[in-house]
Q: 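The structure under discussion is supplied below as structure tokens; questions concerning it will follow.
Computed from heavy atoms alone, side chains included, the values below leave out hydrogens, waters and symmetry copies.
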Amino acid sequence: MNLRPLHDRVIIKRLDQESKTASGIIIPDAAAEKPDQGEVLAVGPGKRDDSGKLNALDVKVGDRVLFGKYAGQTVKVDSEELIVMREDDIMAVVQK
């Protein structure tokens, strides 16, 4: 991947969502919602505060995160769909 996020931005790859419900009903791709979980592929260096000090991000590469349905900007790189968003748009880190 040739993307390097700036400031407090992160690059996320959406994780595939189950196409089958718990009761066994198969959901077609056209009716499925976009998943709101993803894996962090790259993080920026951080955001500077008013004094100029660089504050590092709380997420790191490899973290599985939750984000809003319409958060970030979708980009296509090497035929792969990625999301670029600010760290503020991430709601939680999923613990393994």
Side-chain angles (χ1 to χ4, degrees):
M1 180 179 61
N2 295 329
L3 287 179
R4 182 177 55 93
L6 301 175
H7 308 292
D8 64 337
R9 289 184 172 81
V10 296
I11 297 176
I12 296 174
K13 179 180 178 185
R14 278 189 202 271
L15 295 176
D16 294 330
Q17 191 170 8
E18 291 291 323
S19 60
K20 192 172 172 184
T21 64
S23 60
I25 298 172
I26 296 175
I27 302 169
D29 289 339
E33 292 184 11
K34 289 184 176 179
D36 55 358
Q37 287 189 34
E39 181 182 354
V40 176
L41 299 180
V43 296
K47 191 173 187 176
R48 295 200 181 272
D49 60 13
D50 294 334
S51 65
K53 180 183 171 206
L54 188 66
N55 295 321
L57 302 181
D58 290 330
V59 296
K60 60 187 180 305
V61 173
D63 280 350
R64 187 175 189 164
V65 295
L66 295 176
F67 50 87
K69 189 182 222 178
Y70 302 106
Q73 178 67 40
T74 303
V75 295
K76 207 163 203 165
V77 178
D78 299 332
S79 72
E80 190 172 28
E81 196 172 284
L82 304 173
I83 305 168
V84 180
M85 69 176 64
R86 291 187 180 275
E87 184 187 33
D88 293 344
D89 293 335
I90 296 173
M91 295 185 283
V93 175
V94 179
Q95 298 294 327
K96 296 177 184 174

Q: Are any non-hydrogen side-chain atoms of L82 and T74 less than 4.5 angstrom apart?
A: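 No, side chains not in contact.
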Q: Taking D8 first and then R86, would you say they form a salt bridge - that is, a charged N and a carboxylate O separated by under 4.0 Å?
A: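 Answer for the salt bridge query: yes.
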Q: Go through it in stages, so that I can follow the logic: the residues are I83 and I11, the test is side-chain contact (heavy atoms from CB on, under 4.5 Å), and I'd like the CA-CA distance, side-chain angles, deciding distance and then a yes or no.
A: CA-CA 6 Å; I83 305 168; I11 297 176; over 6 Å; no
Q: Rest of the hydrophobic cluster containing M91 (Ile/Leu/Val/Met/Phe/Trp/Tyr, side-chain heavy atoms under 4.5 Å)?
A: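 Noted: M91 shares its cluster with no other residue.
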Q: Got E87 and V59 here, is their nearest side-chain heavy-atom distance under 4.5 Å?
A: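 They are in contact (side-chain heavy atoms under 4.5 Å apart), so the answer is yes.
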Q: Check side chain to side chain contact (heavy atoms under 4.5 Å, CB included) between V61 and all other residues, then give those that pass, not counting sequence neighbours.
A: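 Result, side chain to side chain contact (heavy atoms under 4.5 Å, CB included) vs V61: none returned.
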Q: For D89, what residues pass the side-chain hydrogen bond (donor to acceptor under 3.5 Å, both in side chains) criterion, not counting sequence neighbours?
A: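 If we apply the side-chain hydrogen bond (donor to acceptor under 3.5 Å, both in side chains) test to D89, skipping adjacent residues, there are no hits.
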Q: Just list the side-chain donor-acceptor pairs under 3.5 Å for residues 40-51, sequence neighbours left out, or say none.
A:
{"unit_1": "R48", "atom_1": "NH1", "unit_2": "G52", "atom_2": "O", "d": "2.8"}
{"unit_1": "D49", "atom_1": "OD1", "unit_2": "S51", "atom_2": "N", "d": "3.2"}
{"unit_1": "D49", "atom_1": "OD1", "unit_2": "S51", "atom_2": "OG", "d": "2.9"}
{"unit_1": "D49", "atom_1": "OD1", "unit_2": "G52", "atom_2": "N", "d": "3.1"}
{"unit_1": "D49", "atom_1": "OD1", "unit_2": "K53", "atom_2": "N", "d": "2.9"}

Q: For D58, does the CG atom have more than 12 heavy-atom neighbours from other residues, nucleotides or ligands under 6.0 Å away?
A: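 Counting neighbours around CG of D58, 12 or fewer heavy atoms of other residues, nucleotides or ligands fall under 6.0 Å, so no.
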Q: Is M85 reachable from L66 through a run of I, L, V, M, F, W or Y residues, each pair having side-chain heavy atoms under 4.5 Å apart?
A: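 Hydrophobic grouping puts L66 apart from M85.
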Q: Excluding sequence neighbours, so at least two apart, what forms side-chain hydrogen bond (donor to acceptor under 3.5 Å, both in side chains) with E80?
A: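 Per chain and number, E80 pairs via side-chain hydrogen bond (donor to acceptor under 3.5 Å, both in side chains) with K13.
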Q: Could you walk me through whether V84 and R9 pass the side-chain contact (heavy atoms from CB on, under 4.5 Å) check?
A: CA-CA 7 Å; V84 180; R9 289 184 172 81; 4.1 Å; yes
Q: R64: what forms a side chain to side chain contact (heavy atoms under 4.5 Å, CB included) with it, not counting sequence neighbours?
A: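 Partners of R64 by the side chain to side chain contact (heavy atoms under 4.5 Å, CB included) criterion, ordered by chain and then number, come out as L15, Q37, V94.
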